Amino acid sequence: MKRTALFLGAGAMFLATACTEQAPPPKPERTPAPAKPAPPAPAGPATDARPADARLGMMERYALWKAKKEADEKLAAQLAAEEQARLLKFDKSKMPKHLALLAFEKKTRKALDDAAEKLKGKSDASEQLNKLVASQRKPIEAQAKILRAMDPQGGNSNIATDHDVSLNALANGYPEAIAASFQGDEKPLAAARAELDKREKKITSWLAEVKSKK
């Protein structure tokens with residue numbers, strides 16, 4: 001009886017061992033591969049946020065910049081030449097009036113300069129100067145009227161503004177500067193003379209250029 005139980009016990013152990021050895025080990029679970037990213041959408045005018053030349057190299061960008069700069073300069077030169085031709089044509093048609101205005105401005109200024117020299121130091125210098133200025137007022141206004149009639153809209157003459165500034169200075173600023181010089185202040189007169197010199201030089205130079213054009 002004991003032998004049978006022992007045999008049965010040993011047999012059970014043998015079967016258990018055999019089952020253990022024959023059972024295959026459990027297979028490890030496979031980790032799923034990561035999903036591949038979707039391919040980027042093709043860049044187009046509406047989706048590409050970068051400027052068009054951002055994808056270009058430095059040399060290409062420089063070439064584009066240079067071409068644009070040259071085109072802008074060419075256009076500016078062309079417009080300037082057209083404007084120059086327009087002004088020349090207008091002032092050539094008004095040459096006699098320009099020359100008459102310039103002659104009047106020179107004559108009026110000379111009378112004031114002569115008074116500044118002759119009257120300085122005299123007790124009635126200011127009184128005599130005021131008389132001269134009063135006598136010049138109507139002729140200056142008449143010349144200003146001629147100037148306005150010559151170019152009513154403005155912007156057609158290259159020297160109309162210079163005539164206008166000169167006439168206004170001869171009527172007001174220049175006599176006032178001379179009066180200040182009688183009181184010992186020479187700075188206003190020096191500045192007024194420099195301004196009139198600049199305007200006269202521009203008018204003379206421009207009229208010479210106009211005259212040289214056929």
Side-chain angles (χ1 to χ4, degrees), residues 73 75-122 124-214:
E73 290 175 349
L75 178 60
Q78 179 182 346
L79 293 175
E82 291 174 356
E83 177 67 5
Q84 181 84 345
R86 185 183 71 85
L87 295 173
L88 283 168
K89 182 179 179 180
F90 179 87
D91 284 331
K92 190 173 183 65
S93 69
K94 307 295 182 182
M95 178 67 79
K97 293 183 178 180
H98 281 305
L99 291 173
L101 281 165
L102 179 60
F104 175 82
E105 290 156 10
K106 288 182 176 181
K107 179 183 176 180
T108 304
R109 179 181 177 179
K110 185 177 186 305
L112 289 168
D113 285 339
D114 289 345
E117 183 177 349
K118 294 176 182 179
L119 297 176
K120 192 171 185 178
K122 293 186 177 181
D124 62 344
S126 296
E127 181 181 350
Q128 293 298 321
L129 178 63
N130 289 337
K131 288 181 179 180
L132 174 61
V133 172
S135 69
Q136 292 179 335
R137 189 166 300 281
K138 285 186 177 180
I140 290 175
E141 290 175 353
Q143 293 299 314
K145 186 176 180 180
I146 292 173
L147 177 62
R148 289 192 296 270
M150 184 174 66
D151 187 12
Q153 303 301 322
N156 294 309
S157 171
N158 191 43
I159 52 176
T161 298
D162 301 287
H163 283 308
D164 187 53
V165 171
S166 297
L167 291 173
N168 275 288
L170 292 169
N172 301 293
Y174 204 60
E176 291 172 1
I178 293 174
S181 72
F182 292 161
Q183 305 300 320
D185 188 359
E186 299 289 344
K187 289 183 179 180
L189 183 56
R193 282 174 172 166
E195 181 65 22
L196 282 177
D197 287 343
K198 181 181 71 173
R199 301 290 177 175
E200 182 179 324
K201 182 179 179 180
K202 181 184 174 183
I203 293 170
T204 302
S205 175
W206 177 251
L207 291 180
E209 183 177 353
V210 171
K211 188 177 180 180
S212 68
K213 301 297 181 181
K214 293 183 180 180

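Nothing here was measured: the structure is a model prediction, and the numbers come from that model.
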> For Ala169, what residues pass the side chain to side chain contact (heavy atoms under 4.5 Å, CB included) criterion, not counting sequence neighbours?
Replying inline: Leu196
>> Are Glu141 and Leu167 packed together at the side-chain level, in the sense that at least one heavy-atom pair is separated by less than 4.5 angstrom?
In response: no
> In chain order, what residues pass the side chain to side chain donor-acceptor pair (under 3.5 Å) check against Lys89, with sequence neighbours excluded?
Replying inline: none
>> Check Arg199 with Glu195, please: is the shortest side-chain N to carboxylate O separation under 4.0 Å?
In response: yes
>> List the residues meeting side chain to side chain contact (heavy atoms under 4.5 Å, CB included) with Lys106, not counting sequence neighbours, and say none if there are none.
In response: Leu102, Glu200
> Who are the side chain to side chain contact (heavy atoms under 4.5 Å, CB included) partners of Lys213, not counting sequence neighbours?
Replying inline: Leu88, Glu209
> Do Glu127 and Leu119 touch side chain to side chain, with heavy atoms closer than 4.5 Å?
Replying inline: no
> In chain order, what residues pass the side chain to side chain donor-acceptor pair (under 3.5 Å) check against Lys107, with sequence neighbours excluded?
Replying inline: none
> Which is it for Ile146 and Gln143 under the side-chain contact (heavy atoms from CB on, under 4.5 Å) test, yes or no, and what are the steps along the way?
Replying inline: CA-CA 5 Å; Ile146 292 173; Gln143 293 299 314; 4.0 Å; yes
> With no hydrogens and no angle check, is any side-chain donor or acceptor of Asp91 less than 3.5 Å from a backbone partner on Asn158?
Replying inline: yes
> When rounded to the nearest 0.5 angstrom, what distance separates CZ in Arg86 from OG in Ser157?
Replying inline: 9.5 Å
> Do Lys94 and Asp151 come close enough that some side-chain heavy atom pair is under 4.5 Å?
Replying inline: no
>> Just to verify, what does Asn168 make a side chain to side chain donor-acceptor pair (under 3.5 Å) with, not counting sequence neighbours?
In response: Asp164
>> Does this structure show an ion pair linking Glu186 with Arg193, if we count only N-O contacts that are shorter than 4.0 Å?
In response: no
> Hey, what do you get for CG (Leu147) to NZ (Lys97), rounding to the nearest 0.5 Å?
Replying inline: 10.0 Å
>> Can you confirm whether Lys118 is buried at NZ, in the sense that more than 12 heavy atoms of other residues, nucleotides or ligands lie under 6.0 Å from that atom?
In response: no
>> I need the full list of ring-ring contact (aromatic ring centres under 6.0 Å, His included) pairs touching residues 166-214, with sequence neighbours left out, sorted by first then second residue.
In response: none
> CG/Leu207 to NZ/Lys202 distance, rounded to the nearest 0.5 angstrom?
Replying inline: 11.0 Å
>> Enumerate the ring-ring contact (aromatic ring centres under 6.0 Å, His included) contacts for residues 125-157, please, sequence neighbours excluded, ordered by first and then second residue.
In response: none
>> Listing request: all ring-ring contact (aromatic ring centres under 6.0 Å, His included) pairs with a residue in residues 132-167, at least two apart in sequence or in separate chains.
In response: His98-His163
> At their closest point, which heavy atom of Met150 faces which heavy atom of Phe90, and how far apart are they?
Replying inline: O-CZ, 3.4 Å
Can you give the donor-acceptor pairs under 3.5 Å from side chains of residues 130-139 to other protein atoms, not counting sequence neighbours?
residue, atom, partner, partner atom, Å
Asn130, ND2, Ser126, O, 3.2
Ser135, OG, Leu132, O, 2.6
Gln136, NE2, Thr108, O, 3.4

> Could you state the interatomic distance from CG (Asp162) to CD (Glu105), rounded to the nearest 0.5 Å?
Replying inline: 9.0 Å
> Under the salt bridge (charged side-chain N to carboxylate O under 4.0 Å, His left out) test, which residues partner Lys201, sequence neighbours left out?
Replying inline: none
>> Holding to side chain to side chain donor-acceptor pair (under 3.5 Å), I want the full list of residues that pass it with Glu73, two or more places apart in sequence or in another chain.
In response: Lys69
